[in-house]
Protein chains: 2
Amino acid sequence: MDSKIVSLRSKLEIYKAGSGGGNIVDCPVRDVIQGISNKWSSLLMMALAEKPYRFGELRRLVPDISQRMLTQTLHDLQRDGYVHREVFPTKPPSVEYSLTDLGRSMFGPLHQLLQWAELNHGAVRDARAAFDATET
Amino acid sequence: MDSKIVSLRSKLEIYKAGSGGGNIVDCPVRDVIQGISNKWSSLLMMALAEKPYRFGELRRLVPDISQRMLTQTLHDLQRDGYVHREVFPTKPPSVEYSLTDLGRSMFGPLHQLLQWAELNHGAVRDARAAFDATET
DNA sequence: CTATATGAGTCTCAAAAAGAGACCAGCACT
DNA sequence: AGTGCTGGTCTCTTTTTGAGACTCATATAG
């Protein structure tokens with residue numbers, strides 16, 4: 001585990017030192033991460049990892065997302081190559097969203113993080129309560 | 001204690017079945033994930049995983065974050081228990097931020113995701129280019 | 001025949017969040 | 001006396017998000 005952190009350390013050193021070449025602002029990791037670190041992306045990935053869903057199904061599955069943000073988030077996930085969008089010529093045409101291979105590949109590590117969240121929800125909730133208590 | 005920790009999959013199944021038991025809106029995973037899935041959290045975690053930093057150091061390390069968002073993101077990370085904030089009584093008082101045990105624990109899976117991003121940056125960039133090409 | 005519903009969005013407008021940059025305090029150095 | 005350093009906060013503007021009406025072609029109900 002320490003070795004992984006060391007590899008990241010050298011990344012940071014490189015970007016820090018890079019007045020001429022690399023800048024942390026242009027970091028490729030940031031470029032990819034910013035596409036999935038928003039309010040709805042991981043939730044939709046989580047849903048689609050289970051099975052493909054249609055637009056309306058996702059909307060009912062995640063009742064507090066607005067249609068506007070559902071459209072936009074799916075569009076962004078599709079653009080980054082995580083999600084495949086397929087239109088079926090039914091009489092009211094239906095659209096199915098599913099994970100691509102790249103999406104399934106990304107969901108591997110994402111799922112680890114989701115599992116951590118599930119396991120440590122209690123610890124985080126306690127930390128919040130303690131912090132809010134000392135703040136008041 | 002939270003004895004009712006349910007697996008991610010069964011959460012979804014429960015919602016689909018339409019029973020009154022579980023609602024995805026109150027999902028504990030969402031509660032935790034939304035705290036770290038924003039523009040700056042993972043980046044600051046990445047920096048602090050390397051070593052503790054002071055406020056001004058972080059600001060220089062991430063030059064495109066505003067002081068306002070740096071303050072706020074660090075505050076939120078501290079509230080959730082990932083980051084420890086320590087004030088040193090130097091002559092202009094300095095403040096050091098470091099990861100807590102919980103923070104290091106969370107950075108494990110997060111680091112997997114960051115590594116995935118580093119490895120697959122090319123694939124994502126290509127997907128974007130292809131998508132933008134067919135869109136025009 | 002008219003009324004209403006459906007699926008997958010788009011459009012508009014209001015609210016919330018983020019970004020830019022000035023300003024604050026105390027102390028050291030010049 | 002002026003400047004810089006520290007770690008912020010305050011205010012203002014721009015961007016992003018949310019809420020909700022509207023589209024369009026077809027289907028079914030009354």
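Chain naming here is simple, since letters A, B, ... match the order of the sequence lines and numbering starts at 1 in each.
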Where the side chain of [X] is defined as all heavy atoms beyond and including C-beta, which of [options] is the nearest nucleotide?
{"X": "A:V95", "options": "D:dT6, D:dG8, C:dA8", "value": "C:dA8"}
{"X": "B:Q72", "options": "D:dG7, C:dG9, C:dA18", "value": "C:dA18"}
{"X": "B:S94", "options": "D:dG7, D:dG18, C:dG7", "value": "D:dG7"}
{"X": "A:R54", "options": "C:dG19, C:dG7, D:dT26", "value": "C:dG7"}

Pairwise 5' ranking along DNA chain C for A:T71 and A:P92, keeping only the more 5' one | A:P92
Whether A:T71 side chain and A:Q67 backbone form a donor-acceptor pair below 3.5 Å | yes
Nucleotide [N], atom [atom2] - distance to [atom1] of [X] in whole Å:
{"X": "A:N38", "N": "C:dA18", "atom1": "CG", "atom2": "P", "result": "12 Å"}
{"X": "B:H75", "N": "D:dT9", "atom1": "NE2", "atom2": "P", "result": "8 Å"}
{"X": "B:I65", "N": "C:dG21", "atom1": "CD1", "atom2": "P", "result": "16 Å"}
{"X": "A:M69", "N": "D:dG20", "atom1": "CE", "atom2": "P", "result": "17 Å"}
{"X": "A:L70", "N": "C:dG7", "atom1": "CG", "atom2": "C1'", "result": "12 Å"}
{"X": "B:E57", "N": "D:dT6", "atom1": "CD", "atom2": "P", "result": "9 Å"}
{"X": "B:D64", "N": "C:dA20", "atom1": "CG", "atom2": "P", "result": "8 Å"}
{"X": "B:R59", "N": "C:dG19", "atom1": "CZ", "atom2": "P", "result": "15 Å"}

Taking 4.0 Å as the cut-off, does a side-chain nitrogen or oxygen of [X] come that near to OP1 or OP2 on [N]?
{"X": "A:R68", "N": "C:dC11", "result": "no"}
{"X": "A:W40", "N": "D:dG18", "result": "yes"}
{"X": "B:Y53", "N": "D:dG7", "result": "no"}
{"X": "A:Q67", "N": "D:dG20", "result": "no"}
{"X": "B:R85", "N": "D:dG8", "result": "yes"}
{"X": "A:K39", "N": "D:dG18", "result": "yes"}

With the threshold set at 4.0 Å, does a side-chain nitrogen-carboxylate oxygen contact exist between B:R79 and B:D76?
-> no
Give a yes or no on whether A:R128 atom CZ has more than 12 heavy-atom contacts from other residues, nucleotides or ligands under 6.0 Å away.
-> yes
Using a 4.0 Å heavy-atom cut-off across all strands, classify A:F88 as base, sugar-phosphate, or nothing.
-> nothing
So which heavy atom on B:V62 is nearest to which on B:L44, and how close?
-> CG2-CD2, 4.4 Å
When the ring planes of B:F131 and A:H75 are compared, do they come out parallel, tilted or perpendicular, using 30° and 60° as the limits?
-> perpendicular
